[in-house]
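The basis for the numbers below is simple: all heavy atoms, side chains too, and nothing from hydrogens, waters or symmetry mates. Everything numeric in this text was worked out from a predicted model, so none of it was measured. Chain letters run A, B, ... following the sequence lines, proteins first and then strands; every chain starts at 1.
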Protein chains: 2
Amino acid sequence: MSDPTSRDRLIRAASNLFRQKGYSGVGLSEILKEAGLPKGSLYYHFPKGKQELAEAATRWAGAWLERLLDATFAQAESFDQGALMVCETISAEVASQTHVSACPVLSILQAAPLEPQLQITAQDVYGSWTKCIEKHAKRMGSPQPEEAAFSLHCKLQGAWVIAFAQQSNAAFTQLARELRAKI
Amino acid sequence: MSDPTSRDRLIRAASNLFRQKGYSGVGLSEILKEAGLPKGSLYYHFPKGKQELAEAATRWAGAWLERLLDATFAQAESFDQGALMVCETISAEVASQTHVSACPVLSILQAAPLEPQLQITAQDVYGSWTKCIEKHAKRMGSPQPEEAAFSLHCKLQGAWVIAFAQQSNAAFTQLARELRAKI
DNA sequence: GAAGCAATAGACCAATCGGTCCAATGCCGC
DNA sequence: GCGGCATTGGACCGATTGGTCTATTGCTTC
């Protein structure tokens with residue numbers, strides 16, 4: 001069994017950097033420097049190189065957000081309240097960092113035309129999130145779970161893009177205000 | 001006065017390519033090949049190089065979308081109806097191309113940490129859009145024009161990101177369905 | 001301690017990057 | 001035809017890119 005810390009360090013470093021500068025904006029040397037590992041380690045753990053690392057990083061961050069969704073909705077008493085709490089949780093998460101990082105999927109999205117596998121990865125992760133939200137919508141008796149899931153996902157994506165552009169979580173607090181009014 | 005066609009060709013080529021692969025994902029050689037111009041022309045029209053070209057391309061595309069907003073809202077009988085029409089117009093625009101291109105601002109957003117000027121450009125263009133929507137919201141007697149403008153901008157951004165990921169305008173048609181229900 | 005595998009370390013590669021520079025070209029008023 | 005400026009054409013540059021390859025290290029199992 002391989003030492004998990006090295007592989008993990010690579011994934012974390014890659015995810016952080018990609019979310020700030022995008023897939024094409026980050027060089028392997030920068031990732032390796034951040035992870036404190038030589039090039040040999042990268043190609044040992046990810047033989048297909050940058051693309052495979054980006055895929056792993058995106059799925060890792062995607063799973064993290066899905067856990068966040070599950071944990072937050074588990075505490076909610078209604079879907080609308082859960083939606084608000086998710087928005088507030090992401091807002092707090094975003095605000096806790098010195099820089100506002102983009103949605104992890106966004107980071108690899110623009111590299112999709114260059115690396116077809118990343119397109120599939122992006123669709124997979126987005127699909128998982130929507131399904132996850134839909135699951136909770138159904139569980140809480142939302143009348144149109146599919147529509148509600150898309151609507152929330154769409155708003156969160158929009159707020160995340162704007163927050164990234166402004167380097168501020170103001171968009172999330174504004175969205176939270178909007179969601180609170182619906183309860 | 002400089003010949004507008006060369007400068008314009010560069011801007012159009014750059015905008016198209018950036019919207020597909022992102023700022024860092026496109027090389028100057030690719031832009032020049034698409035525009036059919038040599039490198040000398042680029043640095044004549046844009047002495048500061050790639051960054052200046054990207055800024056011009058983003059502002060150009062930003063102005064195009066703002067004209068689209070104005071033209072669409074001008075035909076609407078209410079803000080909510082205008083919002084729906086904008087969504088449908090962008091949806092049709094997106095669907096008319098073989099590839100779904102990202103929002104022009106998104107293209108340069110992830111390059112912002114590398115090129116500080118692009119961060120300002122992105123904020124400017126987003127700000128113009130929001131103000132433009134707000135202007136129409138006020139004009140049509142929307143009770144909370146600021147909130148309404150942010151809300152629409154946010155939803156459109158989200159739908160655009162998802163549409164880009166899925167390479168389909170399904171997200172826009174879904175958002176249109178949601179907006180139609182509010183009228 | 002020797003064999004053997006997991007993992008690291010980094011030299012090295014061709015290709016491409018953004019950018020600089022200057023000669024050549026085309027078009028203008030004269 | 002000529003001077004002069006706007007623009008083009010493209011060679012050239014150092015730096016960096018993603019990727020390959022091999023030597024070495026360190027642990028584990030006999």
A.B. asks: In whole angstrom, give the distance that lies between atom CD of B:E52 and atom C1' of C:dT20.
C.D. replies: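 Spelled out: CD on B:E52 to C1' on C:dT20 is 16 Å.
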
A.B. asks: In whole angstroms, how far is the P atom of C:dA7 from the CZ atom of A:F46?
C.D. replies: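 Taking atom P of C:dA7 as the reference, CZ of A:F46 is at 12 Å.
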
A.B. asks: Does B:T89 reach the side chain of B:E93, with side-chain heavy atoms less than 4.5 Å apart?
C.D. replies: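 A side-chain contact under 4.5 Å is absent here.
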
A.B. asks: Quick one, give me the B/S/- string for nucleotides 14-23 of chain D, reading 5' to 3', where B means a protein heavy atom under 4.0 Å from the base and S means that only happens at the primed atoms, P, OP1 or OP2.
C.D. replies: ---SBBB---

A.B. asks: Would you say D:dT7 has OP1 or OP2 under 4.0 Å from some side-chain N or O of B:S41?
C.D. replies: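 The answer is no; no side-chain N or O of B:S41 sits under 4.0 Å from OP1 or OP2.
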
A.B. asks: Could you tell me how the ring of B:Y23 sits relative to the ring of B:F18: parallel (under 30°), tilted (30 to 60°) or perpendicular (over 60°)?
C.D. replies: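 Aromatic pair B:Y23/B:F18 classed tilted.
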
A.B. asks: May I ask you to say whether B:E66 pairs ionically with B:K135, meaning some side-chain N is under 4.0 Å from a carboxylate O?
C.D. replies: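 No, this pair does not count.
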
A.B. asks: Report the distance from atom CG of A:D8 to atom P of C:dA7, rounded to the nearest whole Å.
C.D. replies: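 Interatomic distance, CG of A:D8 to P of C:dA7: 14 Å.
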
A.B. asks: Answer yes when A:K50 and A:E115 have at least one side-chain N-carboxylate O distance shorter than 4.0 Å, and no when they do not.
C.D. replies: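 A salt bridge is absent here (no side-chain N lies under 4.0 Å from a carboxylate O).
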
A.B. asks: Expressed as a whole number of angstroms, how long is the span from B:L42:CG to C:dC17:P?
C.D. replies: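 So the two atoms are 13 Å apart, to the nearest Å.
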
A.B. asks: Please check the phosphate of C:dA6 (OP1 and OP2 only) for any side-chain N or O of A:H45 closer than 4.0 Å.
C.D. replies: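 No, no such contact exists.
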
A.B. asks: Indicate if A:I133 and A:I183 have the same hydrophobic cluster label, given that clusters are the connected sets of ILVMFWY residues with side-chain heavy-atom separations under 4.5 angstrom.
C.D. replies: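 Yes, A:I133 connects to A:I183 through the hydrophobic network.
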
A.B. asks: In this structure, how many angstroms lie between the P atom of C:dA7 and the OH atom of A:Y44, rounded?
C.D. replies: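 Roughly 3 Å, once rounded to whole Å.
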
A.B. asks: Quick one: is C:dT8 close enough that its OP1 or OP2 comes under 4.0 Å of any side-chain N or O from A:S6?
C.D. replies: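 Looking at the OP1 and OP2 atoms of C:dT8, one of them is under 4.0 Å from a side-chain N or O of A:S6.
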
A.B. asks: A:L32 has an atom CG; how far is it from atom C1' of C:dA7, in whole Å?
C.D. replies: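 Distance check: A:L32 CG to C:dA7 C1' gives 14 Å.
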
A.B. asks: Ion pair present between B:R59 and B:E55, side-chain N to carboxylate O less than 4.0 angstrom?
C.D. replies: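 Looking at B:R59 and B:E55, the cut-off is met.
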
